[in-house]
Amino acid sequence: MRLSQYFLPVLKENPAEAQIASHRLMLRAGMIRQSSAGIYSWLPMGFKVLRKLENIVHEEQVRAGHIPMLMPTLQSADLWRESGRYEDYGKEMLRITDRHGRDMLYGPTNEELITDIFRNAVGSYKELPLTLYHIQWKFRDEVRPRFGVMRGREFLMKDGYNFDVTKEAALHAYNRHMVSYLRTYERMGLQAIPMRADTGPIGGDYSHEFLVLAETGESEVFYDRAVIDLKLGDREVDFSNVDECQDIFDEFTNPYARTDETHDEAAYNAVPEERRMSARGIEVGQIFYFGTKYSDALNAAVQTPDGKQVPVHMGSHGIGVSRLIGAIIEANHDDKGIIWPEGVTPFHVGIVNLKQGDSATDAACDQLYHGLVAQGLEPLYDDRDERAGTKFASMDLIGLPWRLTVGPRGLGNGVVELTNRRTGDSEEMSIEAAIDRVSQIYVGKT
RNA sequence: CGGGCUAUAGCGCAGUCUGGUAGCGCGUUCGUCUGGGGGACGAGAGGUCGCAGGUUCAAGUCCUGCUAGCCCGACCA
């Protein structure tokens with residue numbers, strides 16, 4: 001993409017309403033604009049990152065054997081009356097009346113709807129296990145939306161639901177989600193620590209939340225520093241293998257890690273003192289096993305081999321996709337702007353033309369640009385007629401992890417400059433070598 | 001939902017106390033010079049001062065009501 005033909009309205013100054021880094025930077029980098037309290041438009045740059053995260057979530061869900069679908073944002077109130085949550089959910093649920101006077105609502109989550117779909121289509125144990133998920137906009141009418149997309153009213157969430165005949169099978173689904181979520185966050189360049197959680201209004205017995213450590217996090221967390229060293233890495237996982245998933249679950253949940261909601265002073269004090277850590281964290285996902293809570297309420301049962309009807313065991317699992325962008329920026333920025341992890345960057349590399357209009361420099365930039373595109377990469381070429389400082393400042397702000405700087409001085413020696421946004425380290429090399437280097441960096445990361 | 005604050009050009013702000021031609025910086029448009037970290041000079045464009053009433057010869061400024069947004073607390077992907 002050529003910047004001169006893109007839509008990237010960057011702001012030089014901090015908007016007054018933005019208090020935390022991710023909110024400020026998303027506004028300044030032209031990713032979002034507020035439409036009303038807690039509701040945002042996603043401008044091209046923000047939309048691009050959102051789609052990248054969605055893709056990662058999809059890939060990892062499918063890898064774990066879960067099946068994508070799509071449910072509507074608007075739901076009928078009837079189902080929610082049936083589960084009893086129409087009253088329980090309170091004012092956070094946006095209620096709407098259609099022209100016929102029917103009560104509708106903008107879905108804050110989808111347990112009822114998915115269970116309804118399930119009960120109407122599945123009657124036999126033979127069709128289980130089954131895990132369905134979708135990525136859809138949700139609406140929760142927060143009393144006080146804040147921090148940009150971190151606590152919006154409208155937000156994009158991946159929510160999934162598993163249906164199993166037995167508790168054991170459902171707990172395997174729980175573990176499978178634990179593993180696939182860990183992988184998902186790692187691919188995004190995030191460390192999200194699973195912590196024992198409250199089950200909240202969704203209810204149930206087992207729940208873990210995934211927290212990204214950040215000073216601006218809304219939750220207070222306590223953990224054993226040993227969890228920081230845990231990495232799933234690129235190990236091959238067989239998601240159908242119960243023991244393997246259980247082992248990974250144990251590995252990641254054995255060290256003490258809890259939020260203030262479930263914090264247990266005695267257990268925490270059992271951790272060696274030098275490893276006891278407390279910090280703040282951003283919640284970027286949560287998994288639940290809630291047994292037959294919804295299948296009982298909504299009468300979702302399957303027939304077993306011996307002819308009995310049994311309510312299915314269920315769980316639900318969510319990742320706040322739009323919130324993740326905020327969390328990634330909170331964890332990856334400096335005073336100049338964002339620093340995207342390579343797995344989620346909106347463009348792979350920026351090209352800065354230091355002397356727009358100079359025929360040799362323009363030609364070198366074009367060569368780089370086309371060479372990178374030919375390698376399957378997406379460069380962002382700043383071809384505006386701006387001075388070097390302005391271009392550098394824009395690039396730093398939007399945070400592409402790599403920058404190629406092209407100017408007459410370097411070209412005189414036959415080189416361009418490749419700079420790492422995070423470290424600031426630069427290296428000079430020929431155009432061909434630069435194309436090759438950048439492609440190498442992104443092997444396995446696009 | 002309790003407490004505090006704000007609303008003036010695309011963004012950041014002054015002007016309101018003490019009513020009298022709506023301003024500054026950045027951005028933006030045109031031109032010239034410039035060209036390796038937000039450059040210089042010159043000339044422009046851009047505002048029903050959040051909305052509705054009221055007081056007054058006259059309201060951005062005073063009064064009343066409303067709306068929207070932000071911050072702190074109680075709640076949540």
Side-chain angles (χ1 to χ4, degrees), chain A residues 9-20 23-24 27-28 30 33-39 53 57 89-93 107-110 135-160 181 192 197-202 207 209-212 217-219 259 261 281-288 316-327 336-337 352-358 361 382 384-397 403 405-412 415-417 419 424 426 428:
Chain A
V10 299
L11 302 174
K12 204 163 171 177
E13 290 178 85
N14 287 323
E17 77 268 18
Q19 301 299 316
I20 65 168
H23 190 194
R24 270 201 308 270
L27 289 166
R28 286 192 53 204
R33 285 293 181 267
Q34 179 166 299
S35 151
S36 62
I39 302 179
L53 298 190
V57 171
Y89 225 97
K91 288 191 171 173
E92 229 179 61
M93 186 154 74
T109 175
N110 286 59
I135 298 178
Q136 177 62 290
W137 292 94
K138 304 289 187 291
F139 195 93
R140 293 184 191 172
D141 200 357
E142 297 280 345
V143 218
R144 183 150 96 86
R146 67 195 114 154
F147 303 151
V149 300
M150 298 265 276
R151 177 163 299 290
R153 293 195 293 170
E154 187 184 55
F155 58 97
L156 188 64
M157 180 166 105
K158 172 262 161 180
D159 48 320
Y181 276 26
D198 248 0
T199 50
I202 292 182
S207 183
E209 318 186 290
F210 295 80
L211 284 108
V212 173
E218 294 187 85
S219 313
T259 66
E261 290 172 342
I282 301 166
E283 195 195 324
V284 293
Q286 187 161 11
I287 55 177
F288 298 90
S316 70
H317 333 89
I319 293 182
V321 180
S322 45
R323 170 181 287 184
L324 269 171
I325 298 188
K336 292 185 208 152
V352 170
N353 183 336
L354 292 176
K355 194 169 185 184
Q356 206 70 43
D358 175 84
T361 315
D382 190 345
R384 295 174 300 170
D385 187 17
E386 293 286 350
R387 298 174 64 89
T390 304
K391 293 190 177 188
F392 287 142
S394 294
M395 276 298 171
D396 288 343
L397 175 62
R403 184 186 79 205
T405 310
V406 183
R409 211 160 71 195
L411 288 177
V415 297
V416 296
E417 190 182 50
T419 306
S426 287
E428 293 191 329

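Protein chains get the first letters and strands the later ones, always in sequence-line order, with residue 1 at the start of each.
Nucleotides B:A59 and B:U55 are separated by 11 Å at their P atoms, to the nearest Å. If you take atom C1' in B:U18 and the same atom in B:C62, they sit 11 Å apart, rounded to whole Å. Going from the C1' atom of B:C26 to that of B:C72 covers 31 Å, rounded to whole Å. Nucleotides B:G19 and B:C70, compared at atom C1', are 30 Å apart to the nearest Å. B:A52 and B:G2 have their P atoms separated by 27 Å, given to the nearest Å. Remark: the separation of the P atoms in B:G69 and B:U32 is 46 Å, to the nearest Å. Here the separation of B:G73 from B:C49, taken at their P atoms, is 36 Å to the nearest Å. Across the P atoms, B:C63 and B:G47 are found 29 Å apart, a figure rounded to whole Å.
For A:Gln34 and B:C70, the shortest distance from a side-chain N or O to OP1 or OP2 is below 4.0 Å. OP1 or OP2 of B:C1 has not a single side-chain nitrogen or oxygen of A:Arg144 nearer than 4.0 Å. Dashed line: the shortest gap from a side-chain N or O of A:Gln19 to OP1 or OP2 of B:C71 is not under 4.0 Å. Residue A:Lys355 has no polar side-chain atom (N or O) positioned under 4.0 Å from OP1 or OP2 of B:G36.
Among the nucleotides B:A77, B:G38, B:A74, the one closest to the side chain of A:Ser394 is B:G38. For A:Ala37, the side-chain atoms get nearest to B:G69 when compared with the rest of B:G69, B:A77, B:G37.
Taking only distance into account, the side chain of A:Glu386 never meets the base of B:G38 through a donor-acceptor pair shorter than 3.5 Å. Below the 3.5 angstrom threshold, one finds no donor paired with an acceptor across the side chain of A:Arg28 and the base of B:G27.
A:Leu354 has its CG atom 9 Å from the P atom of B:G37, to the nearest Å. What separates CD of A:Glu218 from C1' of B:C72 is a distance of 13 Å, to the nearest Å. Rounding to whole angstrom units, CD of residue A:Glu92 and P of B:A74 are separated by 16 Å. If you measure from atom OH of A:Tyr181 to atom P of B:A77, you get 12 Å, rounded to the nearest angstrom. At whole-Å resolution of the value, CE in A:Met395 and C1' in B:G36 are 15 Å apart. Rounded to whole Å, the distance from CD on A:Gln356 to P on B:G36 is 14 Å. In this structure, A:Arg146 places its CZ atom 9 Å from P of B:A74, rounding to the nearest Å. When rounded to the nearest whole Å, the span between CZ of A:Phe147 and C1' of B:C70 equals 11 Å.
Residue-level contact check: A:Val284 touches the backbone only, with heavy atoms under 4.0 Å from sugar-phosphate atoms and none from bases. Contact annotation for A:Gly318: no contact, since no heavy-atom pair falls under 4.0 Å across all strands. Here A:Arg403 lies in heavy-atom contact (under 4.0 Å) with a base. A:Gly410 comes within contact range of at least one nucleobase, with a heavy-atom separation under 4.0 Å. At a threshold of 4.0 angstrom between heavy atoms, the contacts of A:Lys138 with the nucleic acid are absent. Base contact: A:Gly152 has a heavy atom under 4.0 Å from a base atom. Within 4.0 Å of A:Ser36, counting heavy atoms only, lie sugar-phosphate atoms of the nucleic acid but no base atom. Using a 4.0 Å heavy-atom distance criterion, A:Ala393 is classed as a base contact.
Remark: side-chain polar atoms of A:Ser316 are not paired, donor with acceptor, to backbone N or O of A:Gly160 under 3.5 angstrom. A donor-acceptor pair under 3.5 Å links the side-chain atoms of A:Arg323 to the main chain of A:Glu283, judged by distance alone. In this structure a side-chain-to-backbone donor-acceptor pair under 3.5 Å is present from A:Ser322 to A:Leu156. Side-chain atoms of A:Arg33 come within 3.5 Å of backbone atoms of A:Leu27 as a donor-acceptor pair (strictly under, hydrogens ignored).
Across all strands shown, B:C57 is found opposite B:G20 as a Watson-Crick or G-U wobble partner, with both distances under 3.5 Å. Nucleotide B:A74 has no partner under the Watson-Crick or G-U criteria, as no pair reaches both atom distances under 3.5 Å. Of the nucleotides present, B:C66 is the one that pairs with B:G50 by Watson-Crick or G-U wobble criteria, both distances under 3.5 Å. Both distances falling under 3.5 Å, in either a Watson-Crick or a G-U wobble arrangement, place B:C41 opposite B:G31. Under the Watson-Crick or G-U wobble criterion, with both distances below 3.5 Å, B:A9 is left unpaired in every strand shown.
Partner of A:Asp159 under the side chain to side chain donor-acceptor pair (under 3.5 Å) criterion, out of A:Gln136, A:Gln286, A:Lys138, A:His317: A:Lys138 alone. The side chain to side chain contact (heavy atoms under 4.5 Å, CB included) test with A:Asn353 is passed by exactly one of A:Asp382, A:Val406, A:Thr405, A:Thr361: A:Thr361.
The distance from the CD atom of A:Glu218 to the CG atom of A:Leu211 is 11.0 Å, given to the nearest 0.5 Å. Taken to the nearest 0.5 Å, the NZ atom of A:Lys336 stands 10.5 Å off from the CZ atom of A:Phe392. To the nearest 0.5 Å, the span separating CD on A:Gln356 from CG on A:Asp358 amounts to 9.5 Å.
Stacking between A:Phe155 and B:A77 is shown: the ring centroid lies under 5.5 Å from the centre of the six-membered base ring, and the planes differ by under 30°.
Under the 4.5 Å side-chain criterion, counting only non-hydrogen atoms from C-beta, A:Asp141 is not in contact with A:Lys91. Annotation: side chain of A:Ser394 is not in contact with side chain of A:Glu386 (no heavy-atom distance under 4.5 Å).
Minimum heavy-atom separation, A:Gly217 to A:Ile282: CA-CG1, 3.7 Å.
Counting only N and O atoms by type, the side chains of A:Arg384 and A:Thr390 include no donor and acceptor under 3.5 Å apart.
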Could you encode protein contacts along nucleotides 5-15 of chain B as a string, one character per nucleotide from 5' to 3', using B for base contact, S for sugar-phosphate-only contact and - for no contact, with a heavy-atom cut-off of under 4.0 Å?
------BSS--

N/O-N/O pairs, protein side and nucleotides 32-34 of chain B side, under 3.5 Å:
unit_1: B:U34; atom_1: O2; unit_2: A:Arg387; atom_2: NH1; d: 2.6

